[in-house]
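Heads up: the structure comes next, in structure tokens.
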Amino acid sequence: MRVPKLLRVLENMPENNRMRFSVAPMMDWTDRHCRAFHRQLTRRALLYTEMLTADAVIHGDRHRLLGYDPIEHPVALQLGGSDPAKMREAAAIGAAFGYDEINLNIGCPSDRVQSGRFGACLMLEPDLVASLWSAAKEGAGDVPVTIKSRIGVDEQAPREALFALADACAQAGCTTFIVHARKAWLAGLSPKQNRDIPPLDYDLVHALKRERPALAVVLNGGLRDLDHALAEQGALDGVMLGRVAYQNPAILLEVDPRVFAARAPNPDRAAAVEAYLPYVEAMLARGVPLHAMTRHMLGLFNGLPGGRRWRRTLSERAVKPNAGVEVIQDALGAVGVDPALSAATVLA
Ligand SMILES: Cc1cc2nc3c(=O)[nH]c(=O)nc-3n(C[C@H](O)[C@H](O)[C@H](O)COP(=O)(O)O)c2cc1C
């Protein structure tokens, strides 16, 4: 009995390790510039793309939609769709682009997504999700394919809904589930309300891990900071932070030391900004407007003296035509960092 269990644990190790901390997929937020910026704060966290539909991946401008900087690894591509053949093709394209994981979105409640019959409404169709997983896995080859779900939708009983989904997909071969620990209400609540109003049920996510120990289970939803996330993690395989990681990205500086016992890529916030500047310059040279990058950095100095000046300098000046990296350097000056210092630290 003991040996097979140990083998299972060892088999799962690399995946489990990869999953220990991740930044959630967030449409319009976790684009490539955001991810490249987050990489200056954590080298180890798994970063997710925004959701792309299988159709967009197949028919769209692949370079624009799927292109990323090698610094972003490990990076997971999130796909949405409900047609297994399209999912196979989109996953194959994602794997060929070098993504480290393909993730299926079974949790997004927006109207647009429901009319395409994917996202959270697929909680009602576990067998279809299992087929989508199998198809994606065929397309992705060696690249792991994971599922991000809710605990149910509408009138579903969460325990039955979550276990039915996990069991159907586990039978197909899926070993990793990221669970946003609340239901989605498909009618009546906006996507934003659906991230706050349905109550969180972390116990149910723990029950999934306890009763299906061979599965890797990651907790998402309402985790306020790293202390809270690690306290709630318990026996789970990882935690995923969304809004707080985006709005208060300095949290990510703690991830490598505290979660992975490794050094952060930069010693502090200001050093992370300076390390990001060559990327910004390269993107400006390719015609990307400064604002497309600085918009992800606005919350970096939250809670520190000068945090407001940082935010204001970036939001007012980065949108101007021909705005360049000097705006970011001036913003660092406004926050109390001497941009001439090579290993910059916050002086205030
Ligand atoms: C602006 C925004 C966009 C989002 N887009 C996606 C998405 O594309 N795919 C997805 O699975 N979840 C999406 N989510 C949900 C998050 O991934 C996450 O599950 C949710 O915000 C709960 O985690 P949090 O409380 O840590 O933010 C989005 C959330 C936000 C705030």
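Counting convention: from 1, in listed order, for ligands and their atoms alike. Only heavy atoms go into these numbers, but all of them, side chains included; no hydrogens, no water, no symmetry mates.
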Pair [X], [Y]: side-chain N/O donor-acceptor within cut-off below 3.5 Å:
| X | Y | answer |
| --- | --- | --- |
| D256 | T42 | yes |
| Y279 | H33 | yes |
| T49 | Q78 | no |

**Q.** NZ/NE/NH1/NH2 to OD/OE distance under 4.0 Å, R182 and D201
**A.**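 D201 and R182: not salt-bridged.
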Q) Below 4.0 angstrom, N of the basic side chain to O of the carboxylate: do R295 and D31 qualify? A)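 Yes.
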Do me a favour and list the nearest non-hydrogen protein atom to [atom] with residue, atom name and distance?
| atom | answer |
| --- | --- |
| atom 3 (C) of ligand 1 | M27 N, 3.1 Å |
| atom 9 (N) of ligand 1 | Q78 OE1, 2.7 Å |
| atom 29 (C) of ligand 1 | R195 NE, 3.1 Å |
| atom 26 (O) of ligand 1 | G242 N, 2.8 Å |
| atom 20 (C) of ligand 1 | H180 CE1, 3.8 Å |
| atom 17 (O) of ligand 1 | P25 O, 2.8 Å |
| atom 18 (C) of ligand 1 | N220 OD1, 3.4 Å |

For [X], atoms of ligand 1 separated by under 4.0 Å from a heavy atom:
| X | value |
| --- | --- |
| K148 | 10 (C), 11 (O), 12 (N), 15 (C), 16 (C), 17 (O), 18 (C), 19 (O) |
| M51 | 8 (O) |
| R243 | 21 (O), 22 (C), 24 (P), 25 (O), 26 (O), 27 (O), 31 (C) |

Q | Aromatic contact, F21 with F260 (centres under 6.0 Å) | A |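 Ring centres of F260 and F21 not closer than 6.0 Å.
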So is [X] close enough to ligand 1, meaning a heavy atom under 4.0 angstrom away?
| X | value |
| --- | --- |
| N105 | yes |
| G221 | yes |
| G222 | yes |

Q: Give the intermediate values and the outcome of ring pair (Phe, Tyr, Trp, His ring centres under 6.0 Å) for residues H73 and Y68.
A: CA-CA 9 Å; H73 288 294; Y68 63 91; 5.3 Å; yes
Q: Check step by step if salt bridge (charged side-chain N to carboxylate O under 4.0 Å, His left out) holds for R258 and D227.
A: CA-CA 10 Å; R258 293 185 58 193; D227 283 337; 2.6 Å; yes
(Q) Does Q171 have more than 12 heavy atoms from other residues, nucleotides or ligands lying within 6.0 Å of its CD? (A)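 No, CD of Q171 has 12 or fewer neighbouring heavy atoms, counting only those of other groups under 6.0 Å.
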